[in-house]
A.B. asks: 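Can you keep this structure in mind? I'll have questions shortly.
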Amino acid sequence: MFATHKAAVFRKHLTKVISVNMKNKLDRNLGTKTEISNELSAQFMTSAFIGMIEWWVEQGMPHSSEFMAIQLEKLFEKNEKILPGVLGPARKLYNS
């Protein structure tokens, strides 16, 4: 129970940090008057990102981190139409 609580707290904080940063990037790159709310877009991308990481860890990390980064990039590229300007800044996270 204690470990589960710690994991939930960590996930909550990680989600907040990523979604706030993503929303700020969307606001800077797209402005605040967008067809899809920047807050909802940020939450969508954050949930997808964290969900993939959780799946990867739960499965015993069956792929390398490099493979996962490339796969996530490809998945995000498919959404670039609805979230332009996000992938470029996100690439810096795993290319550095």
Side-chain angles (χ1 to χ4, degrees):
M1 173 82 175
F2 187 64
T4 303
H5 175 71
K6 280 185 170 181
V9 169
F10 176 76
R11 188 184 200 286
K12 181 179 177 182
H13 287 292
L14 181 62
T15 298
K16 184 173 183 174
V17 167
I18 293 173
S19 64
V20 166
N21 285 319
M22 185 67 70
K23 182 184 177 301
N24 290 340
K25 287 177 183 172
L26 287 167
D27 288 346
R28 277 194 309 271
N29 293 337
L30 303 177
T32 56
K33 296 184 191 284
T34 58
E35 183 179 354
I36 299 171
S37 159
N38 286 344
E39 185 174 18
L40 293 177
S41 295
Q43 189 60 46
F44 172 79
M45 297 295 283
T46 300
S47 296
F49 178 75
I50 291 175
M52 289 297 297
I53 292 173
E54 286 178 335
W55 172 87
W56 180 58
V57 171
E58 288 170 359
Q59 298 302 309
M61 295 187 266
H63 308 289
S64 69
S65 58
E66 292 82 10
F67 176 84
M68 291 301 293
I70 291 167
Q71 294 299 297
L72 281 166
E73 180 179 13
K74 288 179 181 182
L75 287 167
F76 287 147
E77 282 174 348
K78 289 185 175 193
N79 289 295
E80 185 73 11
K81 245 174 52 177
I82 61 168
L83 299 172
V86 173
L87 190 57
R91 279 190 179 114
K92 293 177 186 175
L93 295 175
Y94 57 82
N95 283 337
S96 33

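Along the sequence shown, residues are numbered consecutively beginning with 1. Values below: every heavy atom of this structure, side chains too, minus hydrogens, waters and symmetry copies.
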A.B. asks: Quick one: OG on S47 to CE on M52, what's the gap to the nearest 0.5 Å?
C.D. replies: 13.5 Å
A.B. asks: Rounded to the nearest 0.5 Å, how far does CG of L30 lie from NZ of K23?
C.D. replies: 11.0 Å
A.B. asks: To the nearest 0.5 Å, tell me how far I18 CD1 sits from N21 CG.
C.D. replies: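 I18 CD1 to N21 CG: 8.5 Å, rounded to 0.5 Å.
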A.B. asks: Just verifying a value: how many Å separate M22 CE and E39 CD, rounded to the nearest 0.5 Å?
C.D. replies: 13.5 Å
A.B. asks: Above 12 or not: heavy atoms from other molecules or residues under 6.0 Å from CD of Q59?
C.D. replies: yes
A.B. asks: Which atoms form the tightest heavy-atom contact between T15 and T46, and what is the distance?
C.D. replies: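 Taking T15 first and T46 second, the nearest heavy atoms are O-CG2, 3.7 Å.
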A.B. asks: Can you see which heavy atom on S19 is nearest to which on A42, and at what distance?
C.D. replies: O-CB, 3.6 Å
A.B. asks: Do F49 and M61 sit in one hydrophobic cluster, given that two such residues count as connected whenever their side-chain heavy atoms are within less than 4.5 Å of each other, even indirectly?
C.D. replies: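 They do share one cluster, since a chain of ILVMFWY contacts under 4.5 Å joins F49 to M61.
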A.B. asks: Could you state the interatomic distance from OG (S41) to CD (E35), rounded to the nearest 0.5 Å?
C.D. replies: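 Interatomic distance, S41 OG to E35 CD, rounded to 0.5 Å: 9.5 Å.
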A.B. asks: Please check if the side chain of N38 supplies one atom and the backbone of G31 the other of a donor-acceptor pair under 3.5 Å.
C.D. replies: yes
A.B. asks: Please round to the nearest 0.5 Å and tell me the distance separating atom CG of L26 and atom CD1 of I36.
C.D. replies: 10.0 Å
A.B. asks: Within the structure provided, determine whether L14 and F10 are in side-chain contact (heavy-atom separation under 4.5 Å).
C.D. replies: yes
A.B. asks: With the 4.5 Å side-chain cut-off for hydrophobic clustering, are V17 and L72 part of the same group?
C.D. replies: no
A.B. asks: Short question: side chain of W56, backbone of M68 - any donor-acceptor pair under 3.5 Å?
C.D. replies: no
A.B. asks: Filter on salt bridge (Lys or Arg N to Asp or Glu O under 4.0 Å), then keep only pairs touching residues 45-60, sequence neighbours left out; what's left?
C.D. replies: R11-E54
A.B. asks: Using the rule that two of Ile, Leu, Val, Met, Phe, Trp, Tyr join whenever any of their side-chain heavy atoms come within less than 4.5 Å, decide whether W55 and L75 are in one cluster.
C.D. replies: yes
